[in-house]
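The structure appears right after this line, and notes come after that.
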Amino acid sequence: MMTVSALDLETPLSALDEPAWLKEEREAARALFARLPWPTAKDESWRYAAGRLKSVPFDWPLALPRGKTLQKEELPEAVRERLKGAEYAGLLVFLGADLAYAELDGDLKEKGVLFTGLLEAARRHPERVRESLYRAVPAKDGKLPALMAAAWTHGAFLYLPKGLEEPRPFFAFFLHEEGTLSVGRTLAVLEEGARASYVEEHLGEGAHLAASELFLRPAAHLVHAHVQTQGEKSYHLYRQRALLEKDTGLRDLTVNLGADFARAEVGSELLGPGADSEMLGVYFAAGRQHHDHDTLQHHKSPQARSDVYYKGVAKDEGTIVYQGLIRLEPGAQKTDAYQTNRNLLLNRGARAESVPKLEIAANDVRCSHGSSIAPIDEEELFYLRTRGFSKESAENLLVAAFLEDVLGRIPLKDLADHLARVIEEKVFREPLLAEKGR
Amino acid sequence: MANRLEIQDLWASHEGKMILKGVNLVLPLGEVHALMGPNGAGKSTLGKVIAGDPNYQVEKGRILLDGEDITDLPPEERAKRGLFIAFQYPVEIPGVQVANFLRLALKERTGEEPPIHEFYQRLKEAIELLDWDEEVLSRYLNEGFSGGEKKKNEVLQLLVLKPRYAILDETDSGLDIDALKAVARAVNALRGPEFAALLITHYQRLLNYIEPDRVHVMMDGRIVRSGGPELAKELEKRGYDWLRAEVSGA
């Protein structure tokens with residue numbers, strides 16, 4: 001395991017151009033990081049992932065801003081491809097730790113919408129950032145949250161003023177660079193009655209730590225997606241917390257398709273009656289990838305609803321893990337909380353773990369959870385093959401069918417189609433040598 | 001020999017148990033044959049082995065399609081050469097719409113996307129022939145279908161995919177009289193010099209609507225008798241026992 005002394009944060013971070021209060025917050029987080037222990041397999045949530053965490057190269061140099069910018073026509077091909085024909089309200093593109101390109105509809109700007117880099121926002125709109133930053137994902141949550149709080153160098157800030165409804169999505173693309181450790185942080189604040197969609201996509205290489213804090217003030221509605229399609233020698237550790245006040249709606253999607261080791265900790269806190277959190281997850285581990293997920297539905301208020309629906313596929317020697325907790329505080333009466341995890345294994349070497357949990361301290365509630373792990377159905381496979389589908393095409397169709405009800409629930413058609421294509425490529429890709437002939 | 005499906009001395013087992021014990025059968029293109037026999041005779045197994053079900057082990061013998069030995073080919077290669085099986089128990093695949101499934105299947109077989117207009121015309125005609133509702137095309141494959149609807153869906157695929165050789169495994173069981181007539185109408189519409197079918201059935205009922213050119217009777221993993229349509233009528237009248245007695249006595 002990485003020693004703290006080998007991770008020099010102080011020197012590089014002192015160079016960041018930021019307000020003093022933020023430097024102090026970082027300093028406190030850094031002290032906490034130095035003190036807290038690394039997660040081990042004895043921590044329930046890290047039971048299956050602690051071993052892989054050891055492989056994350058925390059000693060890679062920290063990615064720092066270098067002032068690199070791009071013109072729109074210089075945007076990387078992968079980003080341009082994704083934007084083809086897409087309508088959007090705003091766009092941020094990060095290269096490493098640089099906010100290289102930013103665009104926001106002029107009309108929205110005038111109405112008080114902010115969509116920019118978090119570091120830039122901390123300098124120019126400190127009052128907006130300061131009241132929410134670190135409130136959803138505080139440093140005290142653990143070793144990695146402390147590191148995330150201390151060392152972030154870039155990320156997105158989205159702010160929607162009261163009552164503003166924007167139908168077009170806001171996009172942020174993060175292109176991570178090989179051989180670097182990068183730490184990003186996203187903060188989204190939707191004031192009362194605001195409505196927006198925000199999609200964050202992570203591409204490229206390197207080791208990336210990401211934290212997202214989502215604030216939904218009363219009656220706000222947010223569609224949120226965190227999509228990770230990084231290269232297969234990269235690492236992606238993600239923690240998200242959303243705070244939902246009364247009558248809010250969050251529709252959340254977490255996608256892990258890339259990286260050697262990826263972990264997502266996604267949680268919603270239901271703080272007011274009428275709050276509704278739908279959390280979807282899609283993941284697919286091939287080769288020797290490990291995709292780890294930990295969800296939390298934390299009901300602190302009565303009369304709120306939450307629904308987790310995570311579906312994963314594994315092939316070759318891929319490992320997929322889901323752990324989820326529904327926690328109901330004593331006051332959380334009339335709660336509806338559901339949790340479903342389904343896993344599909346394409347061959348014998350692939351592995352899945354599914355651990356749903358309930359902690360219920362209220363009595364007048366409706367809660368259910370279910371999970372399943374199943375190999376691909378041989379009969380279905382044979383049926384499709386008698387219709388002329390090759391084995392790979394048949395598997396692809398069955399994987400698409402398996403994920404259809406999650407992808408179909410995403411209100412962003414472009415994104416759903418893109419994900420279907422990435423998944424298809426993974427199904428068709430040559431199996432690992434060790435898998436051949438099985 | 002070209003233009004026929006030929007089974008030569010076929011022996012096949014399932015989980016170590018021999019089920020087919022030397023089947024010989026010739027189905028020439030342009031003909032419809034019925035395969036009858038009591039439960040457990042191996043009729044369905046024969047259908048699955050011809051289709052290439054990996055759960056069955058061919059121990060001996062050959063399957064020839066238009067003169068080519070397909071015994072060791074994967075199921076999709078047999079399909080691409082014009083073979084089709086309508087299953088007795090079709091699987092349910094939620095998440096795949098019937099129309100989309102058929103479009104993809106045509107694409108897999110031919111390597112190219114079927115022209116949209118032509119494709120929908122084909123679907124429409126098939127649906128009409130089966131006296132069905134177009135609504136079925138947007139449903140998920142067999143999900144929530146009644147037993148009869150599943151069988152009709154197999155025949156719908158048969159009509160749209162237009163194979164040269166079709167095996168219908170008890171497609172008549174579980175159908176009401178109207179559905180049975182619709183299925184018969186579909187098969188009769190396909191009849192012609194470029195189509196052959198093997199109807200696996202227990203009963204004469206379907207054969208009242210589809211007159212077979214030949215009738216084969218299977219018992220204990222072998223074809224024990226072949227004849228004209230009158231053989232089916234005789235079996236309907238007298239059952240299988242007399243034949244069993246004759247065969248074992250012989």
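Computed over heavy atoms, backbone and side chain alike; hydrogens, waters and symmetry mates excluded. Reminder, nothing fancy here: chain letters follow the sequence lines and each chain counts from 1. Just so we're clear, the structure is a prediction, and the values are computed from it rather than from any experiment.
Between the side chains of A:Ser393 and B:Glu108, a donor-acceptor pair is found at a separation under 3.5 Å. Side-chain contact of B:Tyr140 with A:Glu404: a donor-acceptor pair under 3.5 Å is present, judged by distance alone.
Ranked by heavy-atom pairs under 4.5 Å with chain B, the first of A:Asp405, A:Leu384, A:Leu403 is A:Leu384. Top candidate by heavy-atom pairs under 4.5 Å with chain A, chosen from B:Asp53, B:Ile93, B:Asn100, is B:Asp53.
In this structure, the portion of B:Leu161 lying under 4.5 Å from any heavy atom of chain A is its side chain and not its backbone. Contacts of A:Leu381 with chain B are absent, with no heavy-atom separation under 4.5 Å from either backbone or side chain. In this structure, chain A has heavy atoms under 4.5 Å from both the backbone and the side chain of B:Leu104. Both the backbone and the side chain of B:Pro90 come within contact range of chain A, each with at least one heavy atom under 4.5 Å from a heavy atom of that chain. No part of B:Gln97 comes within reach of chain A, as not one of its non-hydrogen atoms sits under 4.5 angstrom from that chain.
Side chains of A:Arg385 and B:Pro74 form a contact here, defined as non-hydrogen atoms less than 4.5 Å apart.
To the nearest 0.5 Å, atom NZ of residue B:Lys80 and atom CZ of residue A:Phe389 are 10.5 Å apart.
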Audit row: A:Phe382, B:Phe87, ring-ring contact (aromatic ring centres under 6.0 Å, His included) steps and yes/no: CA-CA 11 Å; A:Phe382 173 57; B:Phe87 285 98; 5.7 Å; yes
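Salt-bridge formation is detected for the pair B:Glu154/A:Arg387: a Lys NZ or Arg NE/NH1/NH2 atom is positioned less than 4.0 Å from an Asp or Glu carboxylate oxygen.
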